[in-house]
Asker: 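This is the structure, below, for whatever I ask next.
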Amino acid sequence: MRSHYCGQLNTSLLDQKVELCGWVHRRRDHGGVIFIDLRDRAGLAQIVFDPDRPEPFSIADTVRNEYVVRITGQVRHRPEGTVNRDLATGEVEVLGHSIEILNRAKTPPFQLDDENVADDTRLRYRYIDLRRPQMQDNIRLRARVAKILRNFLDDHGFLEIETPMLTKATPEGARDYLVPSRTHPGAFFALPQSPQLFKQLLMMSGMDRYYQIVRCFRDEDLRADRQPEFTQLDIETSFMDEKQITAIMEEMFIKLFKDAINVNLPSPVPRMTYADAVHRFGTDHPDLCNPLELTEVSDLMKQVEFKVFSGPANMTNGRVAAMRVPKGGELTRKQIDDYTAYVANFGAKGLAYIKVNDAGKGREGLQSPILKFLPDEVIAELLKRSRAETGDLIFFGADKAKIVNDSLGALRNQIASDLTLLTSQWQPVWITDFPMFEYNEEERRWDSLHHPFTAPRVTDPAEVEADPGKCLSRAYDLVLNGTELGGGSVRIHTPEMQRTVLRLLGMGAEEAEEKFGFLINALDYGCPPHGGIAFGLDRMIMLMSGAPSIRDVIAFPKTQTANCPLTSAPAPASLKQLRELGIRLAKPGKTE
RNA sequence: GGAGUGGUAGUUCAGUUGGUUAGAAUGCUGCCCUGUCACGGCAGAGGUCGCGGGUUCGAGUCCCGUCCACUCCGCCA
């Protein structure tokens with residue numbers, strides 16, 4: 001049916017007869033001559049129809065945008081002065097000998113070159129949206145990324161192994177998607193949030209190295225970078241420690257970025273401890289393209305008369321931090337007010353600031369409502385630590401450490417974006433030395449920071465129990481430009497440690513047995529030391545393509561309320577289906 | 001669960017202090033046009049102003065409720 005792709009035409013094919021199939025991208029009718037831009041997966045080609053061939057000319061006269069046609073014709077050089085440098089195939093054109101309409105098309109609901117179409121319209125007609133070259137590029141990039149990753153892992157001895165989609169609900173973590181069992185009325189499968197336990201079991205099975213590009217499901221609210229079903233590159237290995245695992249993953253990423261988008265990531269990828277990241281950037285996934293940094297001033301503010309500062313400075317879990325914005329003195333009052341409202345989203349009660357009008361003049365060179373509360377020596381030290389210069393502005397956060405970190409961390413991103421402070425480089429960083437646990441004030445117990453199967457640094461369960469808050473884990477996250485690409489850890493591989501950790505998380509022996517008995521049993525039958533990592537493939541491709549939303553790199557994504565405008569899923573189930581499953585709805589009437 | 005922004009022609013948007021016939025661009029249809037490539041010219045069609053209620057002599061505009069989309073908080077081990 002087709003001899004070439006439209007986008008492949010070039011001067012090497014001059015005078016050749018070609019057959020092309022594709023969509024009418026645009027038709028330009030000059031009365032005496034008709035141009036058709038024909039589009040397929042590979043690109044555009046211009047077809048010319050002359051009136052001295054009346055039959056194809058009259059057919060070309062009737063086609064409209066998005067008609068699917070097959071044309072035959074002869075490749076020729078475009079006449080002098082009509083070469084289109086903007087088009088890959090712009091040196092040549094095809095003189096149309098015949099044109100066959102394979103299918104007509106209604107007028108599309110939006111123009112393919114309109115880059116400003118509402119998301120729900122795009123999703124309702126996703127099959128048209130996906131015809132756009134930008135979307136085709138994203139999908140192609142996705143396929144290329146998957147291929148490079150598979151090749152790399154295969155070359156390094158990893159086996160691609162599938163794990164169940166119908167599995168058991170996990171007690172912690174995200175909300176599960178449930179699937180009712182017909183053969184066990186009243187019982188439910190859960191769709192996997194990740195294949196975590198299965199991949200560990202595969203290590204216990206002696207598979208040694210596993211990977212899988214696998215769909216995962218979490219029934220939580222959506223974001224620009226979060227879908228309820230998403231794809232992970234899931235990896236696990238035996239007999240490797242965190243150094244070896246991160247080293248091989250780093251090698252994989254450097255190759256991926258080079259081969260897929262010709263970007264040279266730094267080698268080695270820098271490393272930063274969790275504590276450092278939180279102190280300097282207020283987050284465990286800092287964007288290192290962003291030059292702004294937090295300055296610790298808690299110790300300076302313990303004695304000051306300003307209670308807003310001295311209060312948190314003296315609290316055990318409080319923090320006072322400063323963030324210097326270079327040239328921030330130019331910010332208007334309204335901008336500062338907007339930032340104050342912005343940090344309120346994160347629980348901050350206010351946003352104090354000092355304008356540095358003249359850094360050399362000490363107190364006299366500064367301007368701020370809070371100046372009168374601060375002694376000279378505090379001011380001097382503050383200017384020194386933050387390296388303030390004339391024309392800068394210094395913001396302050398003072399509250400519980402979490403609120404200070406969240407608000408200044410978010411403000412840091414916002415300001416960098418507003419003032420275009422971001423360097424356009426690629427900045428990966430490994431975050432290491434995570435705490436094992438964080439204390440859950442509401443439920444008054446410890447929560448895993450990573451997950452309950454992450455190994456602690458220490459090997460003696462008694463040491464973990466002695467002071468869980470001080471305990472560091474063997475987890476690591478890979479962060480790229482402020483986005484958490486993935487994370488993993490060396491796992492617990494002894495039943496004693498696993499029982500201890502589950503107990504610390506508030507799980508009784510019986511409950512642990514019921515929920516994770518199969519895992520703990522398996523640990524008893526010869527479990528190798530093992531560890532692994534999982535990467536969010538969608539986010540990875542979103543970053544690599546520069547797409548603003550994860551939806552732009554998923555062929556058929558969901559909206560923010562997790563429905564699909566194309567298929568209208570989810571939809572009510574029929575009474576018959578429900579009856580077979582032994583399910584009665586609490587609110588009747590919502591069936592078909 | 002919460003905050004914000006938006007919903008008006010197929011699409012993207014404008015619509016003043018509530019006031020006569022709701023506009024623009026683009027797309028679409030027809031006619032004209034032999035070198036365009038966002039072709040051009042002329043003419044034309046196209047609207048439950050998201051939905052429901054209320055205030056008013058009168059509502060796209062004000063109020064209440066509701067639905068949808070997006071961004072964010074919570075949530076996402």
Asker: With stacking defined as ring centroids separated by under 5.5 Å and planes differing by under 30°, is A/H30 stacked against B/C33?
Answerer: no
Asker: If each of A/R175 and A/L123 is mapped to the nucleotide of RNA chain B with the nearest heavy atom, which maps nearer the 5' terminus, i.e. the 5' end?
Answerer: A/L123
Asker: Using the P atoms only, state how far B/G4 lies from B/C51, rounded to an integer number of Å.
Answerer: 23 Å
Asker: Using the ring of each side chain (for Trp, its six-membered ring), is A/Y439 parallel, tilted or perpendicular to A/W446, with breaks at 30° and 60°?
Answerer: perpendicular
Asker: In whole Å, what is the span from the CG atom of A/L87 to the C1' atom of B/G35?
Answerer: 15 Å
Asker: Could you check whether the side chain of A/R26 and the base of B/C39 have a donor-acceptor pair of N or O atoms closer than 3.5 Å, going by distance alone?
Answerer: no
Asker: Does the structure show a Watson-Crick or G-U wobble partner for B/G35, both distances under 3.5 Å? Name it, or say none.
Answerer: none
Asker: For a quick check of understanding: with a heavy-atom distance under 4.0 Å over all strands, which category does A/Q193 fall into, base, sugar-phosphate or nothing?
Answerer: nothing
Asker: Any carboxylate oxygen within less than 4.0 angstrom of a Lys/Arg side-chain nitrogen, looking at A/R27 and A/D29?
Answerer: yes
Asker: Going by side chain to side chain donor-acceptor pair (under 3.5 Å), name the residues that satisfy it together with A/D287, two or more places apart in sequence or in a different chain.
Answerer: none
Asker: How about A/D418 and A/Y339: does a side-chain donor come under 3.5 Å of a side-chain acceptor?
Answerer: yes
Asker: Now, which nucleotide makes the Watson-Crick or G-U wobble pair with B/A24, with each of the two distances under 3.5 Å?
Answerer: B/U12
Asker: Using a cut-off of 4.0 Å on non-hydrogen atoms, how would the nucleic acid contact of A/F346 be classed: base, sugar-phosphate, or nothing?
Answerer: sugar-phosphate
Asker: For RNA chain B, determine which residues of residues 55-67 of chain A have any heavy atom closer than 4.0 angstrom to one of its atoms, and list them numerically.
Answerer: A/R64, A/N65
Asker: Whether A/R226 contacts B/C73 is assessed here as follows: a side-chain N or O lying under 4.0 Å from the phosphate OP1 or OP2. Is that the case?
Answerer: no
Asker: How many whole angstroms separate atom CG of A/D338 from atom P of B/C72?
Answerer: 18 Å
Asker: Does anything in residues 33-45 of chain A reach RNA chain B, meaning a heavy atom under 4.0 Å, and if so which residues?
Answerer: A/V33, A/F35, A/D37
Asker: Is it the case that over 12 heavy atoms from other parts of the model lie below 6.0 angstrom from the CZ atom of A/R104?
Answerer: no
Asker: Passes side chain to side chain donor-acceptor pair (under 3.5 Å), A/T273 versus A/T432? Steps please.
Answerer: CA-CA 5 Å; A/T273 67; A/T432 62; 6.0 Å; no
Asker: I'd like to know if A/E93 and A/R76 make a salt bridge, using a cut-off of under 4.0 Å between side-chain N and carboxylate O.
Answerer: yes
Asker: How far, in whole Å, is B/A14 from B/G53 if one measures between their P atoms?
Answerer: 27 Å
Asker: Take the angle between the ring planes of A/Y127 and A/Y125 and call it parallel below 30°, perpendicular above 60°, tilted in between.
Answerer: perpendicular
Asker: With sequence neighbours excluded, what pairs up with A/Q134 under the side chain to side chain donor-acceptor pair (under 3.5 Å) test?
Answerer: A/N138
Asker: What are the atom names and distances for every N/O pair under 3.5 Å that joins the protein to nucleotides 49-51 of chain B?
Answerer:
none

Asker: Once side chain to side chain contact (heavy atoms under 4.5 Å, CB included) is applied, do any residues pair with A/I213, and if so which ones, sequence neighbours excluded?
Answerer: A/A146, A/R150, A/T231, A/L233, A/L537
Asker: Sequence neighbours left out, what passes side chain to side chain donor-acceptor pair (under 3.5 Å) with A/R474? Give chain and number order.
Answerer: A/E242
Asker: Kindly write out the residues that satisfy side chain to side chain donor-acceptor pair (under 3.5 Å) with A/R131, not counting sequence neighbours, or none if the list is empty.
Answerer: A/E66
Asker: Can you check the distance between B/G41 and B/U34, where both ends of the measurement are the C1' atom (answer in whole Å)?
Answerer: 16 Å
Asker: Any side-chain N or O of A/R28 less than 4.0 Å from the OP1 or OP2 oxygen of B/U36?
Answerer: no
Asker: Give me the distance, rounded to whole Å, that separates B/G27 from B/C73 when you measure between the P atoms they each carry.
Answerer: 39 Å
Asker: Under 4.0 Å between any heavy atoms, over every strand shown, what does A/T82 touch: base, sugar-phosphate, or nothing? Just pick one.
Answerer: base
Asker: Taking B/A45 as the reference, what is the distance to B/A24 when you measure between their P atoms (whole Å, please)?
Answerer: 12 Å
Asker: Take atom CG of A/D406 and atom P of B/C76, then tell me their distance rounded to the nearest Å.
Answerer: 14 Å
Asker: How would you list all residue pairs meeting side-chain hydrogen bond (donor to acceptor under 3.5 Å, both in side chains) that involve residues 401-410 of chain A, not counting sequence neighbours?
Answerer: A/R319-A/N405, A/K402-A/D406
Asker: Is a side-chain donor or acceptor of A/Q498 paired with a backbone partner of A/P452 at a separation under 3.5 angstrom?
Answerer: yes
Asker: For nucleotides 41-46 of chain B, give me one character per nucleotide, 5' to 3': B if any protein heavy atom sits under 4.0 Å from the base, S if the only such contacts are to the sugar-phosphate, - if neither.
Answerer: ------
Asker: Reckon A/N563 touches a base, only the sugar-phosphate, or nothing at all at heavy-atom distances under 4.0 Å?
Answerer: sugar-phosphate
Asker: Would you confirm whether A/R78, through its side chain, and A/V83, through its main-chain N or O, come within 3.5 Å as a donor-acceptor pair?
Answerer: no
Asker: Quiz question: by atom type and distance under 3.5 Å, do the side chains of A/Q212 and A/T163 form a donor-acceptor pair?
Answerer: yes
Asker: Where do A/F535 and A/M540 land on the side chain to side chain contact (heavy atoms under 4.5 Å, CB included) test, with the steps shown first?
Answerer: CA-CA 8 Å; A/F535 297 100; A/M540 196 188 298; 3.6 Å; yes
Asker: Detail all sub-3.5 Å separations between protein N/O atoms and N/O atoms belonging to nucleotides 4-10 of chain B.
Answerer:
residue: B/G10; atom: O2'; partner: A/P109; partner atom: O; Å: 2.8

Asker: Any strand is fair game: report the nucleotide pairing with B/G6 by Watson-Crick or G-U wobble, both distances under 3.5 Å, or none.
Answerer: B/C68
Asker: Pairing check on B/G19: which nucleotide meets the Watson-Crick or G-U wobble criteria with it, both distances under 3.5 Å?
Answerer: B/C57
Asker: Are there over 12 heavy-atom neighbours, none belonging to A/R41, within less than 6.0 Å of that residue's CZ?
Answerer: no
Asker: Are A/E229 and A/R218 close enough for a salt bridge, meaning some N to O gap below 4.0 Å?
Answerer: no
Asker: Among A/T167, A/D176, A/D219, which one satisfies side chain to side chain contact (heavy atoms under 4.5 Å, CB included) with A/Q193?
Answerer: A/D176
Asker: Within the structure, does a side-chain N or O atom of A/T559 lie under 4.0 Å from either OP1 or OP2 of B/A69?
Answerer: yes
Asker: What distance, rounded to whole Å, do you find between the two P atoms, one in B/A25 and one in B/U66?
Answerer: 39 Å
Asker: Under 4.0 Å between any heavy atoms, over every strand shown, what does A/R53 touch: base, sugar-phosphate, or nothing? Just pick one.
Answerer: nothing
Asker: When the P atoms of B/C76 and B/G19 are compared, how many Å lie between them, rounded to an integer?
Answerer: 49 Å
Asker: Between B/G6 and B/G10, how far is it from one P atom to the other, in whole Å?
Answerer: 22 Å
Asker: Kindly indicate whether the side chain of A/R78 and the base of B/U36 share any N or O donor-acceptor pair separated by less than 3.5 Å?
Answerer: yes
Asker: What are the atom names and distances for every N/O pair under 3.5 Å that joins the protein to nucleotides 1-3 of chain B?
Answerer:
residue: B/G1; atom: O6; partner: A/D221; partner atom: OD2; Å: 3.4

Asker: Is A/R445 salt-bridged to A/D447, cutoff N-O under 4.0 Å?
Answerer: yes
Asker: Can you tell me the distance, in whole Å, between the CD atom of A/E93 and the P atom of B/C37?
Answerer: 14 Å
Asker: Using a cut-off of 4.0 Å on non-hydrogen atoms, how would the nucleic acid contact of A/T454 be classed: base, sugar-phosphate, or nothing?
Answerer: nothing
